[in-house]
There are 2 protein chains.
Amino acid sequence: MKTTIKDIAQQAHVSVGTVSKILNKKDGHISDETRQKVMAVAKQLNYTPNTLARSLVTKQTKTIGLILPDISNPFFPELARGAEDKASELGYSIMYCNTDDDVKKEDKYIQMLTEKMADGIIITQSVARKMTSERLQLARTPIILIDRDAEGEGVGGKVLVDNLMGAYEAIKHLLIKGYRNIVFVAGPLTSNTTKARLEGYKRALDEFKVPFNKDYILEGQYKSEWGFKAVNQLFEKKLNFDAVFCGNDVIAISVVKALKDAGKLIPEDVAVIGYDDIHMASLIEPPLTTVRQPIYEMGYRAVEMLVDIIENPNQDIKERRILLATKLIIRKTT
Amino acid sequence: MKTTIKDIAQQAHVSVGTVSKILNKKDGHISDETRQKVMAVAKQLNYTPNTLARSLVTKQTKTIGLILPDISNPFFPELARGAEDKASELGYSIMYCNTDDDVKKEDKYIQMLTEKMADGIIITQSVARKMTSERLQLARTPIILIDRDAEGEGVGGKVLVDNLMGAYEAIKHLLIKGYRNIVFVAGPLTSNTTKARLEGYKRALDEFKVPFNKDYILEGQYKSEWGFKAVNQLFEKKLNFDAVFCGNDVIAISVVKALKDAGKLIPEDVAVIGYDDIHMASLIEPPLTTVRQPIYEMGYRAVEMLVDIIENPNQDIKERRILLATKLIIRKTT
DNA sequence: TGTATCAAGGAAAACGTTTGCCCAAGTATT
DNA sequence: AATACTTGGGCAAACGTTTTCCTTGATACA
């Protein structure tokens, strides 16, 4: 049997309340003698608290849920890492969940996390659906949106990246370099992230008086396979293009691969630009020009924000929103 | 306030015990009428159980801890994914922890997990230290070792990969292809994983009567930078080599990069072979020959084993050990 | 001398469940 | 008619903590 506070109390001939006070350093009214006795017994019995019981009375579990689409997508481990580092620093632990962008799973996990009494939730939603009050009723717990924006009253806060500017700068860079027929191999257009990037894309085009052609917008998934498929589509459509702007680096890497396999020279025949700046981006041939996102920092800041909400509940803040800047990393594919 | 079982009891005019029995489908002795009434009230009040309280009495949290060196190393997300998928299937959730191969952090997390009453722990240990009884006393909970082996009584089980054979086959392949001066850019030699691979390396050499030269063994970390450093060392030492066997794909990818930057042709001048078969391995130029590990399956099987131990505690099994096979994936770097 | 203050620590309720035991009434068996 | 099950459901302990309020004795103060 694990030793409990009761065992300590018995052996030290004091009451459980006293033991609890001492162990929690609320020992203003305890003599040095008893304190030391209790501490000694605790150590000897190898006591570790049962946080379940503690949480039951204190109403906090020091646990936060992290709901992500898919940890095997290289974008998310870094985000998770940032979250875990900050959480650990603040004394919280992280429960993690993969949704595969499946709304059902999202709901299931939110449910699970509320049952486990998580103090808060950080989520990258699959689609930009509203956080309905119904859902929030389910999770009577602060929620932070991360990476992907969505409407919704009742969301505790948001940590986002300025996708409009990120895309704008990327496209502007291509335009300055003289590319004019720029394909956008995008993620799902249901996502606000994608929408914002499309905005940026259009804005840059506008500025350079290049007409927008919606045939150049290809909608797909944030997955490696999509890169190959997209290039196929381009060739099938016999589209005349000289640059490809990709929804993320994973897509970009497979686009580069597919283009090279088709005999294209990069960047001479066609330029490629990615998004994220995952580690691998600099290692492919040629090294990938990309829009760097502060991924680690997003995770880190999200936890920071969430814990602030958890621990200072009645601050009068209308909206919490962190918008992080991207940075264009110019390598050799443009 | 969240609604509790008590609220339901009041509104339905029954006792809390009855509600509990109904909600848990232990309603052999309950009339249809009351059951339906209780269910209706529960739904109407939007009840979700508080698993803290439940766990306190049932002594199980349906939570397992996953302790890994670093989730941003592409090997581990896939393992984590396998673990999470199986866990979710079995009704468990996962708490995850990054140690950065720091023994202190390992202990801290084990402590944390026992305090949170995790039902079991899966760990990739940083170094092959024994699971001392002291440590197991801390964690009075089943522990599964995954990926990296270590001695120790009291370990609940192990899920490993046959690293000796994996390395053996890789080296044999190189030898058959005619390469003779084979460098091993290894991970830390304190790890049993590395040791086993070194065994395999030697065995293959032996079989082909190629003398072993310990200058060809370079010890480092399982990180991308190590690949670059290792190649530098090779050139500095002016070592005559025609093949490089790498401790993992991340290293291999940077080795390929470094070699190409130095003007070497791959595989004509020097062959490179990796380990893991991460997704990126097939996307670099030239596509990487590598030893595929069933990473996802390791995570999956570890959870399977752990939950079996948790739920059937008094089986009389002396040792649980799963040794998974690797597979040589031949691409274009050899 | 009487009273207020203070230090040290105990008692017990509370947190939200589960579960073993008990009881009452009805039904079946002898 | 007496006994034995069965059905339906209540009671209360237990899980391991925290925390509020009390009690007791001692000391200080007027």
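Labels below follow one simple rule: chain letters A, B, ... track the order of the sequence lines, proteins then strands, and each chain is numbered from 1.
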With sugar-phosphate meaning primed atoms plus P, OP1 and OP2, does B:S20 contact a base, only sugar-phosphate, or nothing at under 4.0 Å between heavy atoms? base
For the side chain of B:I30, counting heavy atoms from C-beta on, which of C:dG9, D:dG9, D:dG16 is nearest? D:dG9
Closest to the 5' end of DNA chain D, once A:K26 and B:V14 are matched to their nearest nucleotides, is B:V14
I'd like to know if the side chain of A:R301 and the backbone of A:V159 have a donor-acceptor N/O pair within less than 3.5 Å. no
N/O (side chain, B:K59) to phosphate O (OP1/OP2, D:dG16) under 4.0 Å: yes
A:L23 or A:K6: which one's nearest nucleotide on DNA chain D is closer to the 5' end? A:K6
Let's see if you can work this out: which of D:dG9, C:dG10, C:dT19 has an atom nearest to the side-chain heavy atoms of B:T34? D:dG9
Just to be sure I understand the rule, does B:T4 reach a base, reach only the sugar-phosphate, or reach nothing, if contact means heavy atoms closer than 4.0 Å? sugar-phosphate
With DNA chain C as reference, determine whether B:T18 or B:A53 sits nearer its 5' end, using the nearest nucleotide of each. B:A53
B:D7/B:Y47 under side chain to side chain donor-acceptor pair (under 3.5 Å): CA gap, chis, key distance, verdict: CA-CA 9 Å; B:D7 302 328; B:Y47 171 75; over 6 Å; no
Starting at NZ of A:K25 and ending at P of D:dT18, how long is that distance when rounded to a whole Å? 13 Å
Do B:D147 and B:T124 have side-chain atoms, one donor and one acceptor, less than 3.5 Å apart? no
So, A:K62 and A:E311, do they make that salt bridge, N to O below 4.0 Å? yes
Side chain of A:I5 - closest among D:dG9, C:dT18, D:dT17: D:dT17
Side chain A:K21 and base C:dG10 donor-acceptor under 3.5 Å: yes
Euclidean distance, atom NE2 of residue A:H29 to atom C1' of C:dC6 [Å, nearest integer]: 8 Å
Are A:N24 and D:dT18 close enough that a side-chain N or O sits under 4.0 Å from OP1 or OP2? yes
Whole-Å distance separating the CD1 atom of A:I22 from the P atom of C:dA8: 11 Å
